[in-house]
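Working notes for the structure below.
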Amino acid sequence: MSDTTPAAETAAPHRYTAELAAEIEGRWQDYWEEHGTFAAPNPSGELDGDPELAGRPKKFIMDMFPYPSGAGLHVGHPLGYIATDVFARFQRMTGHNVLHTLGFDAFGLPAEQYAVQTGTHPQVSTEANIVTMRRQLRRLGLGHDRRRSFATIDPEYYRWTQWIFLQIYNSWYDTEAGRARPIDELVARFAAGTRATPDGRPWAELTEAERADVLSGYRLAYAAESPVNWCPGLGTVLANEEVTADGRSERGNYPVFKANLRQWMMRITAYADRLLTDLDDLDWPEAIKLQQRNWIGRSEGARVDFPVHGAADGDYAITVFTTRQDTLFGATYMVLAPEHDLVDTITPAAWPEGTHEVWTGGHATPADAIAAYRKQAASKSDVERQAEAKDKTGVFTGAFAVNPVSGEPVPVFIADYVLMGYGTGAIMAVPAHDTRDFAFARAFELPMRCVVEPTDGRGTDPAAWDDAFASYDARIINSSGADISLDGLSVTDAKAAITTWLAERGIGAGTVNYRLRDWLFSRQRYWGEPFPIVYDEDGVPHALPDSMLPVELPDVDDYSPRTFDPDDADTSPETPLSRNAEWVHVELDLGDGPRRYRRETNTMPNWAGSCWYELRYLDPYDTEQLVSPPAEAYWMGPRDGQRAGGVDLYVGGAEHAVLHLLYARFWHKVLFDLGHISSYEPFHKLFNQGMIQAYVYRDARGIAVPAAEVEERDGAYYYAGEPVTRVLGKMGKSLKNAVTPDEICAEYGADTLRLYEMAMGPLDMSRPWDTRAVVGQYRLLQRLWRNIVDEQTGAVTVVDADPDEETLRALHKAIDGVTSDMAGLRFNTAIAKITELNNHLTRSGRPVPRAIAESLVLLIAPLAPHTAEELWTRLGRVGSLAHTPYPVADPAYVQDETVTCVVQVKGKVKARLEVPPGIADAELEALALADPAVVAAVGGAPVRKVIVRAPKLVNVVV
RNA sequence: GCCGGGUUGGCGGAACGGCAUACGCGGAGGCCUCAAAAGCCUUUGUCCGAGAGGGCAUGUGGGUUCGAAUCCCACACCCGGCACCA
């Protein structure tokens, strides 16, 4: 041996070191790849395989699709991937055919922004990032079925994304049947006259453009002009789900403005009810279900018509949605959203006689006032709107409607606190019983009428109140009209009574309203799936036939988005694809001969590719269909306890609660309705892993300093001699606190990293990374290794002797505990139990019996697979242990021969007894009362009561 | 404002209503070594006590219970989500 060999290696040449770990890990990773160890066979078709394996019960285990980050991974990223891998390996060893793979969500804004920043074409940078990430993930020993991995940017993949878009485009929602159907069936009904067209004209008399317009009102994917979220800083429009509560873009944190633009929408609102009720069939964290319920926002109420005279001609009705129809007698004014259709119709030429100053906003005519108010409202960003929410603004339209119960005239206002997108865009205002209406009424000196008797002693005169009385738990008053009285009824009863009354007169009806809006589906970006849509010379959209898919994204030099000053609302989006005339203008034969068409130049949002990827994992090479029905039925079909079907375990961050998870459910349901799949929910069980946090150190200027170079002295922190502050935050390059899996693998090996990440705490909890503590799991592997392999000679030291009883009990208790922890995703406590068993063997100081060693290796195999495979082989076994049965606990050894019984006196522990587990209550009580320590503690006082919980506890009450 | 989740040693965390602090990190002491590193062993909630032993401890304050980290009520703080949704 040369004298450059480190001393440790000389002393123990066969110790488990980082070098040895690296050698073992690389070798087993190669082995698994060569042998296709993790290839999961489909029951039939292209990816079929070993019928024995395919005959086992299946488990489909998934991670949320990663985006291939240009910055590379830090140790926080693989937390979920390691967890699913451990679980998948455990399931393989308990007799399941396990499908676990990982693809890449590679379209979208982050990838494009990275490309723009680095000046590389997104195709090039994204593919390079995928290569890097695949390498980093392989190093962790993840047991993925690589045959099933793909990226959303692969044309063979997005061909099907486009195909699904066309399925959605060519469908409508039949509310009677409660499901989507092909649009052709609707056309047939129009043509046959069994269903009337919206304006009543026969279908045959409509022009092609008119028909297209009508159908657009039914299609589940449609282009329409509507108020959308325009984000000049990103140069694109955004879905509601991508705008934060304070009116900024979720990505980039830029201001968002409302703009009326023609955009592609998905009619997700048609599915609001099913998206809500089917949550009950899912095994998801309650918090996530709640977020989805809140986002969908079902509320029961009524529509009520308020008659109003048109300024020029005829009578109209303003239809409002309210959840407080019981307070109809208290409606003293009305408000329309500024964009409401009826505003111009009802606005008179001049202010009515004696109009209050504050109602006019100082303008000479209602039209002037409305125009000025609209202009001002439109220029406000959502951020400003939120900030000014307390100060109600608005203006009188000059018109009066009639309260249908009291017959009183009520002034009609416009105000931006009423949103066009919710309900009917119009409200009846009941200032006495609604806080917003109360604030508006105070600002505009409008009358209030108390119709719900306050229960808090404030009296019935709203003039004396500080805020509205909004409680439901009260009685109705002041609510008698010509032919209805609600007085004395409870809120609930009054709602029912007035709803019936309204319905009988045809001026209202009970109705359900949802907060959910249609999903804005187009983006003015380059890096996304092109729409399979072209427009003819009349601007009528045409779906491309399947044979023309995929519509490939053109390779262009100028892929940058057109972005603007983030605060400039007065801008409008421009699609990068529109710069490419050659691609945009095409001649196609869509069935009536070659004609000129113009391609749609918007692209799909990055959510599109992740809306259905779980299905493609099942059958990734199919060129005839998006997924073969037998494969879908086998892996995702409904079964006992999973009536909706879906993935068995889906692990990912909670931040996707209402974005990806809602969209994916929607697409899945459409595909289910159209008969392409047998499951009606994509993800049966959802688990949200926590975040790995890291300390951020900042200097006096507030600038982050490299965390690795900070020193701790006496509870304070110093960087380059200067004191710095410490807070817990996210891990990331910009905060200079990123730790990479590569560093930890190099220092200790992948198995140590896997164990450490799993041992840090419960999987669903966020916790800080602590590099110093990683060594603890390294020591566990070293001790495990030393219990089986001689560090001097490398020889296996296990013996064929029978294990002693104590060791057998320790083993079977560990097997019992670890098995249930593994099944419950409690890997931290599973590791603790394995550690205890291993420490027990270490402490015994004797060679380990073979049977114990083999069980221990199998127990830890899902967590530290490389080390386990290597020890398994050294123990003389051939091949991979990936499908070897997991140890099963022998109940005879799970329970100790004697258990420690604590004896309490007045709830304090005074004695401990070793007793057989099966001891009878009476016997245990006698034993306890006879114990000298207990006798002393009782001190002769009369015993009032003895609680016996054999065999663990006796409590003596004196 | 509304709705969730959380608060246990110096640190990460364990604990079917029944021995609080498993397991790991860190600290202290020891073995081995010329020495160090690595490894191994012991110890480590806190206060009082020389010791035996005892008191006090699961954010705060109440309650239920023979018995509460665990169940109930109120409060404080931290982290998420929603927020003019009629």
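What you see below is based on every heavy atom in this structure, not just the backbone, and it leaves out hydrogens, waters and symmetry mates. Chain letters run A, B, ... following the sequence lines, proteins first and then strands; every chain starts at 1.
- Heavy atoms of A:Lys945 sit under 4.0 angstrom from primed sugar atoms or phosphate atoms, though from no base atom.
- Between A:Arg15 and A:Arg786 the shortest side-chain heavy-atom distance falls below 4.5 Å.
- Distance check on atom C1': B:G63 versus B:U70 gives 15 Å, rounded to whole Å.
- The P atoms of B:C11 and B:G59 are separated by 13 Å, rounded to the nearest whole Å.
- Rounded to the nearest Å, the gap between the C1' atom of B:G12 and that of B:G45 is 16 Å.
- For the P atom pair drawn from B:G55 and B:G49, the interatomic distance equals 16 Å after rounding to whole Å.
- Across all strands shown, the partner of B:C40 is B:G30, judged by Watson-Crick or G-U wobble contacts whose two distances both fall under 3.5 Å.
- Using a 4.0 Å cut-off, some side-chain N or O of A:Asn839 falls inside it from OP1 or OP2 of B:G24.
- Relative ring orientation between A:Tyr417 and A:Phe440 is described as tilted, the plane-to-plane angle lying within the 30° to 60° band.
- No more than 12 heavy-atom neighbours from other residues, nucleotides or ligands sit within 6.0 angstrom of CD on A:Glu300.
- Under 4.0 angstrom from either OP1 or OP2 of B:A38 there lies no side-chain N or O belonging to A:Gln782.
- Taking atom C1' on both B:A36 and B:G53, the two are 42 Å apart, rounded to the nearest angstrom.
- Between the NZ atom of A:Lys833 and the C1' atom of B:A22 there is a distance of 9 Å, given to the nearest Å.
- Taking atom C1' in both B:U33 and B:C19, the straight-line distance is 42 Å, to the nearest Å.
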Between the protein and nucleotides 52-56 of chain B, are there any N/O to N/O pairs under 3.5 Å, and if so, what are the atom names and distances?
none

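- When each of A:Val902 and A:Asn513 is assigned the nucleotide of RNA chain B with its nearest heavy atom, A:Val902 is the one assigned upstream, toward the 5' end.
- Of the charged side-chain nitrogens involved, at least one lies within less than 4.0 Å of a carboxylate oxygen, so that A:Asp821 and A:Lys833 count as a salt-bridged pair.
- Counting atom types as modelled, A:Lys392 pairs a side-chain N or O with a base atom of B:C84 as donor and acceptor under 3.5 Å.
- Between A:Leu516 and A:Val957, the residue anchored nearer the 5' end of RNA chain B, judged by the nucleotide with its closest heavy atom, is A:Val957.
- Within 4.0 Å (heavy atoms only), A:Val418 reaches at least one base atom of the nucleic acid.
- Nucleic acid contact for A:Arg517: base, since at least one base atom lies under 4.0 Å from a heavy atom of the residue.
- Here B:G17 sits opposite no nucleotide as a Watson-Crick or G-U wobble pair (both hydrogen-bonding atom distances under 3.5 Å).
- In this structure, A:Tyr16 and A:Tyr778 have tilted ring planes: the angle between them lies in the 30° to 60° band.
- Residues A:Glu250 and A:Val243 fail the side-chain proximity criterion, which asks for heavy atoms closer than 4.5 Å.
- As judged by a 4.0 angstrom heavy-atom cut-off over every strand, A:Leu290 is placed among residues touching the sugar-phosphate backbone only.
- For A:Thr842, no side-chain nitrogen or oxygen approaches OP1 or OP2 of B:C40 to under 4.0 Å.
- Residue contacts for A:Arg779: at a heavy-atom cut-off of 4.0 Å it reaches the sugar-phosphate backbone alone, with no base atom in range.
- The side chain of A:Leu419 sits closest to B:A86 out of B:C40, B:G26, B:A86.
- Residue A:Phe827 contributes atom CZ, which lies 17 Å from atom C1' of B:C23 at whole-angstrom precision.
- Atom CZ of A:Arg298 and atom CG of A:Asp273 lie 6.0 Å apart (nearest 0.5 Å).
- Nucleotide B:G49 is matched to nothing when pairs are restricted to Watson-Crick or G-U wobble geometry with both distances under 3.5 angstrom.
- Side chain of A:Asn403 to main chain of A:Ala331: a donor-acceptor pair is present (N/O by atom type, distance under 3.5 Å, no hydrogens or angles).
- The residue A:Ala832 sits close to a base: some heavy atom pair falls under 4.0 Å.
- A:Gln325 and A:Thr499 share a donor-acceptor pair across their side chains, judged by distance under 3.5 Å alone.
- Under the 3.5 Å distance criterion, the side-chain polar atoms of A:Arg449 are left unmatched by any main-chain donor or acceptor of A:Gly330.
- With 3.5 Å as the limit, one finds no donor-acceptor pair spanning the side chains of A:Thr435 and A:Asp467.
- Under the Watson-Crick or G-U wobble criterion, with both distances below 3.5 Å, B:G1 is paired with B:C82.
- B:G59 adopts an anti glycosidic conformation, its chi angle falling more than 90° from 0.
- The distance from atom CG of A:Asp790 to atom C1' of B:G39 is 14 Å, rounded to the nearest whole Å.
- Contact check, A:Arg515 against B:A83: a side-chain N or O comes under 4.0 Å of OP1 or OP2.
- Base pairing of B:C75 is made with B:G59, judged by Watson-Crick or G-U wobble geometry with both donor-acceptor distances under 3.5 Å.
- Taking the ring centre of A:Phe827 as origin, the terminal cationic atom of A:Arg754 falls outside the region bounded by 6.0 Å and 45° from the ring axis.
- Inspection of the A:Trp295 and A:Glu241 side chains reveals an N or O donor paired with an N or O acceptor under 3.5 Å.
- To the nearest angstrom, C1' of B:A86 lies 13 Å from NE2 of A:His340.
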How does protein reach along nucleotides 6-15 of chain B, written 5' to 3' as B (base within reach of a heavy atom under 4.0 Å), S (only sugar-phosphate), or - (no contact)?
------SSSS
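- As the counterpart of B:C23, B:G12 is assigned, both hydrogen-bonding distances of the Watson-Crick or G-U wobble pattern falling under 3.5 Å.
- With a cut-off of 3.5 Å on both Watson-Crick or G-U wobble distances, the partner of B:U65 is given as none.
- Comparing B:C3, B:G81, B:G26 by their closest approach to the side chain of A:Gln291 singles out B:G81.
- As a whole-Å value, the separation of A:Asp434 CG from B:A83 C1' is 14 Å.
- There is a side-chain donor-acceptor pair under 3.5 Å between A:Tyr373 and A:Thr393.
- Distance noted for atom P between B:A52 and B:U43: 14 Å (whole Å).
- For A:Leu841 and B:C41, the CG to C1' distance is 17 Å, given to the nearest whole Å.
- Taking every side-chain heavy atom of A:Ile427 into account, B:A86 is the closest of B:A86, B:C82, B:C40.
- Within 4.0 Å (heavy atoms only), A:Asp416 reaches at least one base atom of the nucleic acid.
- Atom name C1', nucleotides B:G13 and B:U58: the rounded distance is 13 Å, in whole Å.
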Do A:Tyr422 and A:Ser299 pass the side-chain hydrogen bond (donor to acceptor under 3.5 Å, both in side chains) test, and can you show the C-alpha distance, the side-chain angles, and the key distance before you say yes or no?
CA-CA 11 Å; A:Tyr422 185 77; A:Ser299 49; 3.0 Å; yes
Using nucleotides 67-72 of chain B, report all nitrogen or oxygen pairs with the protein that are shorter than 3.5 Å.
none

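- Per the geometry, CZ belonging to A:Arg783 stands 13 Å off C1' belonging to B:A38, to the nearest Å.
- Using a 3.5 Å distance cut-off with no hydrogens or angles, the side chains of A:Thr319 and A:Asp305 do pair a donor with an acceptor.
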